[in-house]
> 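Handing you this structure, nothing more for now.
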Amino acid sequence: MTEHTPPLRFPAGFVWGTATAAYQIEGAAAEDGRTPSIWDTFSRTPGRVRNGDTGDVATDHYHRYPADIALMAELGLPAYRFSLAWPRIQPGGSGPANKAGLDFYDRLVDELLAHGIDPVATLYHWDLPQDLETPAGGGSAAGGGWTARSTAHRFAEYAALAAARLGDRITTWTTLNEPWCSAFLGYGSGVHAPGRTDPAAALTAHHHLLLAHGLAVGALRAELPSTARVSLTLNLAAVRPLTDRPADREAARRIDGLANRIFLDPVFHGRYPADVLADTAAVTDWSFVRDGDLTEISRPLDALGLNYYSPTVVAADDPAEPHPHPDGASGHPREPSPWPADHGIRFVPAEGERTAMGWPVDADGLYELLTRLRDELPGLPLLVTENGAAYDDYSDPTGAVHDPERIAYLHAHLTAVHRAIAAGAPVRGYFLWSLLDNFEWAYGYGKRFGIVHVDFASQRRTPKDSARWYAEVVRTGTLPPGPPTVA
Ligand code: FCB
């Protein structure tokens with residue numbers, strides 16, 4: 001059904017921006033004292049990243065940041081969410097700060113502020129110093145990455161170093177980006193660095209990431225002025241049962257536990273959900289949780305960041321139906337799952353329109369999550385810290401990049417944000433993923449999420465139609481009537 005909606009005005013003071021992450025855009029992997037991260041190692045391991053792509057050069061933002069910031073200013077984007085590279089600021093993940101690494105972020109932040117752009121920093125967007133995963137010979141680090149409890153303490157030390165240097169100018173800090181991905185894709189399915197496939201390790205990593213978050217909140221509060229805002233960004237899942245059958249609803253409960261409540265309960269209520277502990281009992285006894293951890297993990301936050309792309313539909317396995325990967329039963333080994341205890345659960349590809357990632361386009365999931373958070377965390381300010389879509393963009397013979405599907409995706413999702421605000425969800429801002437086409441993790445440079453096209457051979461930047469469209473939304477604080485025409 002085609003429905004024409006009236007223009008939608010966002011509240012005064014709503015924060016508009018774009019988002020990026022260090023390893024995806026910076027390049028300069030070995031410059032100014034930066035040491036390798038687990039993503040440098042992973043991307044150099046044959047077969048891990050499509051086309052053998054690495055972040056060695058990426059969008060060369062490390063050198064081109066003045067031009068990128070000028071472009072943001074030209075587009076009139078008032079805020080910018082970026083991440084700090086731990087292995088730049090604290091090479092190897094322990095010891096003193098690297099002045100040259102901090103100098104880069106110092107210049108970046110000053111340049112943003114000189115253009116009137118508010119810097120919003122994430123401390124960890126997946127680039128763990130490699131030495132914390134596998135210590136270089138003779139090092140004193142424990143190794144084991146996020147499966148090692150000591151990594152959480154190292155993270156808090158790094159947070160303090162970053163805040164001591166940049167805390168006078170960065171007012172909004174986020175500890176972790178999407179710890180679900182770090183733990184469950186990094187140590188469960190192995191499609192992200194460090195590429196391990198061990199469900200018990202994934203749950204151990206999960207807990208240590210949350211502990212790292214809590215310890216870092218403490219370290220940040222100790223360094224930052226009392227006006228600073230400290231937050232966490234989660235990729236919560238809009239989980240839906242395929243049907244209303246009890247078995248499908250039970251599958252949805254289990255995945256809601258492992259995607260959502262395994263974060264929200266410890267961070268905001270200081271406890272792990274009893275059903276999740278029971279569901280995972282065959283994987284781990286959770287003995288890595290020590291007295292006092294949950295108090296640390298549940299330190300009060302000033303905001304919660306939500307990243308949303310598409311919903312998750314689940315069903316109970318139907319034993320009568322052939323399963324494409326039936327645990328090796330017909331010679332197809334089941335792919336390692338990111339979920340530590342998902343036996344008997346099937347993930348159902350949603351019907352309908354998809355992005356170039358194959359992800360379904362469904363803005364209702366964003367509305368559902370924002371209104372759920374409104375109900376479960378009353379009064380806590382919410383930020384959409386990532387939302388956007390990949391499409392197969394190309395520049396036409398005139399040099400223009402037309403991306404009507406992305407505009408339609410953004411229109412639908414911003415409509416959902418507006419609807420959630422109208423329903424009382426305290427959503428204070430929206431950060432579009434992403435400013436630039438960039439290194440899309442295991443997909444390499446093949447997937448383009450930017451509103452600015454990057455020609456990776458020449459590093460030429462070209463704002464896509466969506467950049468101009470978004471600039472107008474931001475300028476007016478108003479979403480134009482929709483749906484926009486898709487050519
Ligand atoms: C999120 C990541 C971000 C980007 C988008 C597409 O999970 O946080 O870095 O890869 O997905």
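Owing to the predicted nature of the structure, the values given are computational and were not obtained by experimental measurement. For the single chain, residues carry numbers from 1 onward in sequence order.
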> Report the relative orientation of the aromatic rings in W359 and F449; use parallel for angles under 30°, tilted for 30 to 60°, perpendicular for over 60°.
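W359 vs F449 ring planes: tilted.
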
> Nearest 0.5 Å, what's the OG1-CG distance between T280 and D342?
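Rounded to the nearest 0.5 Å, the OG1-CG separation comes out at 12.5 Å.
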
> Return the minimal non-hydrogen interatomic distance between D127 and W86, and the atom names on each side.
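Here D127 and W86 meet closest at O-CB, 4.2 Å.
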
> Considering only heavy atoms from C-beta outward, does the side chain of L77 approach that of Y470 to under 4.5 Å?
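Yes, side chains in contact.
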
> Taking atom types as modelled, is there a side-chain donor on D53 or Y443 under 3.5 Å from an acceptor on the other?
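Side chains of D53 and Y443: no pair found under 3.5 Å.
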
> Please list all pairs meeting ring pair (Phe, Tyr, Trp, His ring centres under 6.0 Å) that have one or both residues in residues 236-257, counting only residues at least two apart or in different chains.
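Applying ring pair (Phe, Tyr, Trp, His ring centres under 6.0 Å) to every pair that reaches into residues 236-257, excluding sequence neighbours, yields nothing.
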
> Side-chain contact, heavy-atom cut-off 4.5 Å: L370 with Y308?
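The answer is no; the side chains never approach within 4.5 Å.
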
> Quick one: do D403 and Y391 satisfy side chain to side chain contact (heavy atoms under 4.5 Å, CB included)? Show the steps, please.
CA-CA 8 Å; D403 57 344; Y391 289 103; 5.7 Å; no

> So do the side chains of W173 and T175 get within less than 4.5 Å of each other, counting heavy atoms only?
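W173 does not reach T175 side chain to side chain.
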
> What is the minimum heavy-atom distance between W39 and Y23, and which atoms define it?
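Smallest heavy-atom distance, with atoms named: O-OH, 3.5 Å.
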
> Just how far is it from atom OG of S231 to atom CG of L301, taken to the nearest 0.5 Å?
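Interatomic distance, S231 OG to L301 CG, rounded to 0.5 Å: 7.0 Å.
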
> The test is side chain to side chain contact (heavy atoms under 4.5 Å, CB included); show your working for W469 and H411 and say whether it passes.
CA-CA 10 Å; W469 179 87; H411 191 282; 3.8 Å; yes

> If you measure from the Lys or Arg side-chain nitrogens to the Asp or Glu carboxylate oxygens, is any gap between R448 and D392 under 4.0 Å?
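No, this pair does not count.
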
> Whether the side chain of T151 engages the backbone of T147 through a donor-acceptor N/O pair (distance < 3.5 Å, no angle test) should be reported.
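The answer is no, because no donor-acceptor pair under 3.5 Å joins these two groups.
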
> When you measure from the side chain of D375 to the backbone of R372, do you find a donor-acceptor pair of N or O atoms at a distance under 3.5 Å?
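Looks like no, no N/O pair under 3.5 Å.
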
> For T415 and Y367, test the side chains for any donor-to-acceptor distance below 3.5 angstrom and give the result as yes or no.
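Side chains of T415 and Y367: no pair found under 3.5 Å.
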
> Within this structure, what is the CD1-NE2 distance for the pair I262 and H207, rounded to the nearest 0.5 Å?
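Separation between the atoms: 11.0 Å.
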
> Evaluate the side-chain proximity of D248 to V314: yes if any heavy-atom separation is below 4.5 Å, no if none is.
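No, every pair of side-chain atoms sits at 4.5 Å or beyond.
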
> Quick one: CZ on F155 to CG on L209, what's the gap to the nearest 0.5 Å?
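Between F155 CZ and L209 CG, I get 8.5 Å after rounding to 0.5 Å.
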
> Given side chain to side chain contact (heavy atoms under 4.5 Å, CB included), test R346 with L242 step by step and report yes or no.
CA-CA 10 Å; R346 197 158 50 98; L242 181 64; 4.2 Å; yes

> Between T18 and L75, is a side chain to side chain contact (heavy atoms under 4.5 Å, CB included) present by the stated rule, with each step listed?
CA-CA 11 Å; T18 54; L75 293 170; over 6 Å; no

> Given N177, which partner from the list N307, T233, T122 fulfils the side chain to side chain donor-acceptor pair (under 3.5 Å) test?
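It is N307; the other options fail the test.
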
> Please check: side-chain N/O of S395 versus main-chain N/O of A400, any donor-acceptor pairing under 3.5 Å?
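No, S395 side chain to A400 backbone: no donor-acceptor pair under 3.5 Å.
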
> Can you confirm whether L176 sits close enough to L123 that some side-chain heavy atom of one is under 4.5 Å from a side-chain heavy atom of the other?
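Not in contact.
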
> Could you tell me whether a side-chain N or O of R44 sits under 3.5 Å from a main-chain N or O of T54, the two making a donor and an acceptor?
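Not confirmed, R44 side chain does not pair with T54 backbone.
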
> Can you see which heavy atom on F82 is nearest to which on L84, and at what distance?
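Closest approach of F82 to L84: CE1-CD2, 3.7 Å.
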
> Ring centres under 6.0 Å, that's the criterion: do Y309 and W433 meet it?
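Not close enough - the centres of the two rings lie 6.0 Å or further apart.
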
> According to the interplanar angle, ranging from 0 to 90°, do the rings of H418 and F10 count as parallel (below 30°), tilted (30 to 60°) or perpendicular (above 60°)?
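Correct class here is perpendicular.
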
> Taking the six-membered ring for Trp, are Y124 and W146 parallel (under 30°), tilted (30 to 60°) or perpendicular (over 60°)?
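Perpendicular: the ring planes of Y124 and W146 meet at over 60°.
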
> Checking R48 side chain against G195 main chain: does a donor-acceptor pair fall under 3.5 Å?
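Yes; judged by distance alone, with no hydrogens or angles, the pair exists.
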
> Between A58 and Y445, what is the shortest heavy-atom contact and its length?
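For A58 and Y445, the tightest heavy-atom pair comes out as CA-OH, 3.0 Å.
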
> Could you give all pairs that pass the salt bridge (charged side-chain N to carboxylate O under 4.0 Å, His left out) test and reach residues 409-423, with sequence neighbours left out?
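Sorted result for residues 409-423: D364-R419.
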
> Does a salt bridge link R261 with D256, judged by any charged N lying under 4.0 Å from a carboxylate O?
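A salt bridge is present here (some side-chain N lies under 4.0 Å from a carboxylate O).
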
> Looking at every non-hydrogen atom in both residues, tell me the closest pair between D437 and G450 and how far apart they are.
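Smallest interatomic distance, heavy atoms only, reads OD1-N, 2.9 Å.
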
> Restricting to pairs with a member in residues 349-360, which pass salt bridge (charged side-chain N to carboxylate O under 4.0 Å, His left out), not counting sequence neighbours?
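Qualifying pairs: none.
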
> In the structure I gave you, are the side-chain heavy atoms of P340 and L258 within less than 4.5 Å of one another anywhere?
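The answer is yes, as the side chains (C-beta and beyond) meet within the 4.5 Å cut-off.
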
> D393 and H453: side-chain donor and acceptor closer than 3.5 Å?
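No, no side-chain donor-acceptor contact under 3.5 Å.
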
> If the plane angle is over 60° it's perpendicular, under 30° parallel, otherwise tilted; pick one for F263 and H206.
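Ring orientation of F263 relative to H206: perpendicular.
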
> Within this structure, what is the CG-CG distance for the pair L304 and L236, rounded to the nearest 0.5 Å?
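Output value for this atom pair is 6.5 Å.
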
> Quick one: CG on L410 to CG on L432, what's the gap to the nearest 0.5 Å?
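These two atoms lie 5.0 Å from each other.
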
> Between N387 and Y430, do the side chains contain a donor N or O and an acceptor N or O under 3.5 Å apart?
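A donor-acceptor contact under 3.5 Å links the two side chains.
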
> Looking at D244, is its backbone amide N or carbonyl O close enough to the side chain of R249 to form a donor-acceptor pair, meaning the two atoms are under 3.5 Å apart?
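It does hold such a pair.
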
> Closer than 3.5 angstrom, by distance alone: can the side chain of D302 be matched with the main-chain N or O of V230 as a donor-acceptor pair?
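Yes.
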
> Using a strict cut-off of less than 4.0 Å between a Lys/Arg side-chain nitrogen and an Asp/Glu carboxylate oxygen, indicate whether R81 and E386 qualify as a salt bridge.
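A salt bridge is present here (some side-chain N lies under 4.0 Å from a carboxylate O).
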
> Using a 4.5 Å cut-off on heavy atoms from C-beta on, say whether the side chain of D293 contacts that of R149.
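Answer yes - side chains close enough.
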
> Classify the angle between the aromatic ring planes of W339 and W180 as parallel (below 30°), tilted (30 to 60°) or perpendicular (above 60°).
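Judged by the thresholds at 30° and 60°, the geometry between W339 and W180 is tilted.
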
> Other residues, nucleotides and ligands only: do more than 12 of their heavy atoms fall within 6.0 Å of CZ on R229?
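No, not enclosed.
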
> Ignoring hydrogens and angles, state whether a donor on the side chain of Q130 or T134 is under 3.5 Å from an acceptor on the partner side chain.
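Judged by distance alone, the side chains do pair up.
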
> Can you tell if the side chain of N438 reaches within under 4.5 Å of the side chain of V454, non-hydrogen atoms only?
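The answer is no; the side chains never approach within 4.5 Å.
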
> Measure up the F288 and H208 rings against each other and bin them: parallel (under 30°), tilted (30 to 60°), perpendicular (over 60°).
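Rings of F288 and H208: perpendicular, over 60°.
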
> Restricting to non-hydrogen atoms, name the atom on L369 and the atom on A238 that form the minimum distance, rounded to 0.1 Å.
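Heavy atoms of L369 and A238 come nearest at CD1-N, 3.9 Å.
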
